[in-house]
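I have placed the structure first, in the form of structure tokens, so that the comments after it can refer back to it.
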Amino acid sequence: MPSPAVSRPTARGDFTITRRFTAPVEDVFDAWTRPEQVAAWFGPVGLVTPVDRLAMDVRPGGSWTLTMVSQDTGEEYPVEFAYVEVLRPSRLVMTTGTAEATARITVTLQPVEEGTEMTFAVTDLRTSPENGSLREGWESSFGRLAALLGEPA
């Protein structure tokens, strides 16, 4: 059975979110690495990520760029990730940085009896007060990811 996100803050604002999905590990990995799927879930509620504003080169040394767009105002929020590690279907490690925040992101996918356990860890997080809450934004995105994977609400 799917589980709601479990979020644990750590030092300096770093945090970990653990979530279970009934989908197989390969499907969850694909949702992280296929542009049409990423566009369907990436960004907190109220923002959309148009697939034509998203590019992915999923390999160590590759990049993932996207622009989230506010549904209310049309304001744009560009984001860029650099892939450090790509181990299909179990692990992605990326770095990201904006004027407001920099971080290292590790996504670990483990098969469990009823599907997949995803552990999402943000480390080396440096933020400014203007940045808002990255954790809540990711948790909102993961709710959209669950819907994409066919999880019940």
Side-chain angles (χ1 to χ4, degrees), residues 1-10 13-59 62-96 98 101 103-123 125 127 131-153:
M1 167 169 268
S3 68
V6 175
S7 180
R8 292 182 303 280
T10 60
D14 297 354
F15 61 93
T16 300
I17 299 170
T18 302
R19 188 154 186 165
R20 286 189 178 209
F21 303 103
T22 57
V25 170
E26 289 280 345
D27 291 355
V28 180
F29 190 88
D30 287 346
W32 272 95
T33 58
R34 293 192 174 166
E36 67 281 353
Q37 291 188 37
V38 172
W41 69 266
F42 191 91
V45 172
L47 299 178
V48 294
T49 302
V51 73
D52 65 341
R53 305 289 304 275
L54 191 151
M56 300 180 89
D57 180 10
V58 184
R59 63 178 175 81
S63 65
W64 168 20
T65 60
L66 60 91
T67 300
M68 296 178 290
V69 180
S70 169
Q71 293 175 299
D72 293 333
T73 66
E75 188 170 354
E76 297 186 351
Y77 303 91
V79 181
E80 184 170 341
F81 300 90
Y83 289 103
V84 176
E85 214 178 306
V86 177
L87 298 171
R88 182 172 182 82
S90 60
R91 185 174 166 89
L92 294 165
V93 179
M94 303 161 276
T95 58
T96 187
T98 65
R104 181 179 180 93
I105 296 170
T106 303
V107 179
T108 306
L109 305 173
Q110 296 225 189
V112 293
E113 187 173 321
E114 297 178 1
T116 302
E117 182 172 275
M118 178 184 78
T119 302
F120 175 87
V122 176
T123 57
L125 181 61
T127 64
N131 188 46
S133 176
L134 289 174
R135 182 180 0 188
E136 280 82 7
W138 280 106
E139 288 173 345
S140 179
S141 290
F142 296 152
R144 295 175 65 191
L145 174 58
L148 173 70
L149 293 169
E151 304 292 329

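All values below come from the heavy atoms of this structure, side chains included, with hydrogens, waters and symmetry mates left out. In what follows, residues are counted from 1 in the order of the sequence shown.
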- Message: Going by the rule side chain to side chain donor-acceptor pair (under 3.5 Å), which residues pair with D30 if we only count those two or more places apart in sequence or in a different chain?
- Response: R88
- Item | Residue pair Y83, R59: steps toward the side-chain contact (heavy atoms from CB on, under 4.5 Å) verdict | CA-CA 6 Å; Y83 289 103; R59 63 178 175 81; over 6 Å; no
- Task: Check A31 against L149 and note the closest heavy-atom contact, atom names and distance.
- Result: CB-CD2, 4.3 Å
- With the side chain counted from C-beta on, respond yes when L92 and T33 share a heavy-atom pair under 4.5 Å apart, and no when they do not. yes
- Closest non-hydrogen atom pair, Q110 against V25: C-CG2, 3.8 Å
- Query: Which pair of non-hydrogen atoms, one from P50 and one from V48, has the smallest distance, and what is that distance?
  - Reply: CD-O, 3.5 Å
- Item | Heavy-atom pair with the smallest gap, counting every atom of T116 and V112 | N-CG2, 3.7 Å
- Task: For S63 and E80, work out which heavy atoms get closest and say how close.
- Result: CB-OE2, 4.4 Å
- Should L54 and V38 count as side-chain neighbours, where that means a heavy-atom distance under 4.5 Å? yes
- Side chain of R91, backbone of E85: donor and acceptor closer than 3.5 Å? no
- Message: Does the structure place the NZ or CZ of R135 under 6.0 Å from the centre of the six-membered ring of F15, at an angle of no more than 45° from the ring's axis?
- Response: yes
- Answer yes or no: is there a donor N or O on one side and an acceptor on the other, between the side chain of E36 and the main chain of V51, under 3.5 Å? no
- Query: Which pair of heavy atoms, one from S70 and one from L47, lies closest together, and at what distance?
  - Reply: CA-CD2, 3.3 Å
- Item | Verdict with supporting geometry, V58 and R34, side-chain contact (heavy atoms from CB on, under 4.5 Å) | CA-CA 9 Å; V58 184; R34 293 192 174 166; over 6 Å; no
- Task: Quick one: sort the W138 and F120 rings into parallel, tilted or perpendicular, breaks at 30° and 60°.
- Result: tilted
- Query: Is there a donor-acceptor contact under 3.5 Å from the side chain of T67 to the main chain of E76?
  - Reply: no
- Message: Within the 3.5 Å criterion, strictly below it, is a donor on E117 or T18 matched to an acceptor on the partner's side chain?
- Response: no
